[in-house]
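In what follows, a structure is listed as structure tokens, so that the remarks can point back to it.
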Amino acid sequence: MLQARLRKRLRHFELNVDLACGRGETLCVVGPSGSGKTTLLRFLAGLENPDEGVIRMGGDVWWDSRARIRRPPQRRSAGLVFQDYSLFPHMSLWRNVAYAAPGPEIVDRLLKIFGIAHLKDMSPADISGGERQRGALCQALARRPQLLLLDEPFSALDIETRLGLRRVLQRVQQETPLCMVHVTHDLTEALFLGDRVVALRQGRLAPNWLDRQIELLRREQALVFSSNPGRAGAPAPQEERSCSYA
């Protein structure tokens with residue numbers, strides 16, 4: 001289980017967050033731009049340090065300001081995926097995924113699960129954006145992390161590709177449960193993937209902001225379907241998967 005209590009004075013506000021994510025759970029973090037979502041992920045990954053706080057993964061302490069424990073990124077069992085396909089351009093897709101994998105069998109398995117096994121000998125420059133993002137997810141999962149951190153990995157993809165990757169992530173979570181923290185601006189995506197959804201606004205959890213956004217989403221969807229009667233009856237995003245939010 002991930003437990004994090006973090007505090008950091010930023011330029012315009014203070015980030016002050018206390019959150020937890022259990023094994024097999026997907027915690028989706030939403031909120032307006034500039035609210036500290038990516039900074040939160042960078043703290044968890046060890047790419048930046050908070051001013052104060054504690055980060056625990058199971059029985060391991062990754063960060064403790066009082067005890068002066070500072071575990072570097074390479075010693076944290078965490079995988080981080082950005083929206084810009086972080087693959088090595090000089091390596092084939094297979095070699096990219098194998099870079100941190102304990103053995104070749106997990107590479108072949110992940111490529112197959114994500115539907116890109118037939119592209120294993122190609123370079124990132126020769127495949128589509130959706131295929132590169134699948135490769136980046138495979139790369140992050142190949143090291144068998146306890147924690148998977150996702151920073152808007154689907155934002156640049158078309159809707160069909162996004163839907164497909166959401167389903168694959170659900171399958172991965174079911175087969176090899178881990179803690180997953182997913183940052184997204186797409187509220188529909190958060191409601192679909194998240195076991196829990198939390199909102200971050202100006203560095204703090206903001207349940208009222210999330211309630212407001214869900215109500216606006218419902219109104220927008222009702223307006224779209226009323227303007228296009230032939231599309232009426234499509235399921236509301238919040239009905240795609242049961243989740244809780246705060």
Could you tell me whether [X] and [Y] have a side-chain N and a carboxylate O separated by less than 4.0 Å?
{"X": "R7", "Y": "E14", "answer": "yes"}
{"X": "E175", "Y": "R109", "answer": "yes"}
{"X": "D186", "Y": "R166", "answer": "yes"}
{"X": "K8", "Y": "D51", "answer": "yes"}

Which heavy atom in [X] sits nearest to a heavy atom in [Y], and how many Å separate them?
{"X": "G24", "Y": "P177", "answer": "CA-CB, 3.6 Å"}
{"X": "L205", "Y": "L200", "answer": "N-CD1, 3.9 Å"}
{"X": "P102", "Y": "A142", "answer": "CD-O, 3.1 Å"}
{"X": "E52", "Y": "S65", "answer": "CA-OG, 3.5 Å"}
{"X": "M1", "Y": "G22", "answer": "CG-CA, 4.0 Å"}
{"X": "P124", "Y": "N96", "answer": "CG-ND2, 3.9 Å"}

Does [X] use its side chain to pair, donor to acceptor, with the backbone of [Y] at less than 3.5 Å?
{"X": "D151", "Y": "T38", "value": "no"}
{"X": "Q133", "Y": "G130", "value": "no"}
{"X": "Q139", "Y": "A101", "value": "no"}
{"X": "R143", "Y": "G79", "value": "no"}
{"X": "T26", "Y": "M180", "value": "no"}
{"X": "R201", "Y": "W209", "value": "no"}
{"X": "R162", "Y": "S155", "value": "no"}

Is it true that [X] and [Y] fall in one hydrophobic cluster, defined by side-chain heavy atoms closer than 4.5 Å?
{"X": "L210", "Y": "L216", "result": "no"}
{"X": "V61", "Y": "I55", "result": "no"}
{"X": "L10", "Y": "L47", "result": "yes"}
{"X": "M91", "Y": "M122", "result": "no"}
{"X": "I113", "Y": "L119", "result": "yes"}

Exercise. Is a side-chain donor-acceptor pair under 3.5 Å present for S92 with D121?
Worked result: no
Exercise. Side chains of T184 and E189: is there a donor and an acceptor less than 3.5 Å apart?
Worked result: yes
Distance (rounded to the nearest 0.5 Å) between [X] [atom1] and [Y] [atom2]:
{"X": "N16", "Y": "L6", "atom1": "CG", "atom2": "CG", "result": "9.0 Å"}
{"X": "C138", "Y": "L111", "atom1": "SG", "atom2": "CG", "result": "5.0 Å"}
{"X": "I116", "Y": "L110", "atom1": "CD1", "atom2": "CG", "result": "9.0 Å"}

For this session: Test S77 against M57 for side-chain contact (heavy atoms from CB on, under 4.5 Å), laying out the working first.
Result: CA-CA 9 Å; S77 181; M57 173 54 70; 5.8 Å; no
Exercise. If you draw a 6.0 Å radius around CD in E105, do more than 12 non-hydrogen atoms from other residues or ligands fall strictly inside?
Worked result: yes
Quick one, [X] and [Y] - any side-chain contact, counting heavy atoms below 4.5 Å?
{"X": "L80", "Y": "L148", "value": "no"}
{"X": "F114", "Y": "L137", "value": "yes"}
{"X": "W63", "Y": "P50", "value": "yes"}
{"X": "L87", "Y": "R132", "value": "yes"}
{"X": "L41", "Y": "V181", "value": "yes"}
{"X": "Q170", "Y": "F192", "value": "yes"}

Exercise. For V54, which of Q3, R66, R5 qualifies under side chain to side chain contact (heavy atoms under 4.5 Å, CB included)?
Worked result: R5
For this session: Applying side chain to side chain contact (heavy atoms under 4.5 Å, CB included) between L165 and each of T161, L169, L163, report the one that passes.
Result: T161
Problem set entry | Qualifying salt bridge (Lys or Arg N to Asp or Glu O under 4.0 Å) pairs with a residue from residues 20-42, counting only residues at least two apart or across chains | E25-R196, R42-E48
Exercise. Could you go step by step and tell me if R204 and V17 meet the side-chain contact (heavy atoms from CB on, under 4.5 Å) rule?
Worked result: CA-CA 6 Å; R204 296 177 183 271; V17 176; over 6 Å; no
Seminar exercise, completed: ring-ring contact (aromatic ring centres under 6.0 Å, His included) pairs touching residues 118-162, sequence neighbours excluded, are F154-H182
For this session: Please test L19 against L40 for side-chain contact (heavy atoms from CB on, under 4.5 Å), starting from the C-alpha separation and ending with a verdict.
Result: CA-CA 11 Å; L19 58 80; L40 170 63; 3.7 Å; yes
Exercise. Stepwise, does the side-chain contact (heavy atoms from CB on, under 4.5 Å) test hold for V197 with L27?
Worked result: CA-CA 6 Å; V197 180; L27 174 67; over 6 Å; no
Problem set entry | Residues H185, S33; criterion side-chain hydrogen bond (donor to acceptor under 3.5 Å, both in side chains); working and verdict | CA-CA 8 Å; H185 277 101; S33 298; 3.2 Å; yes
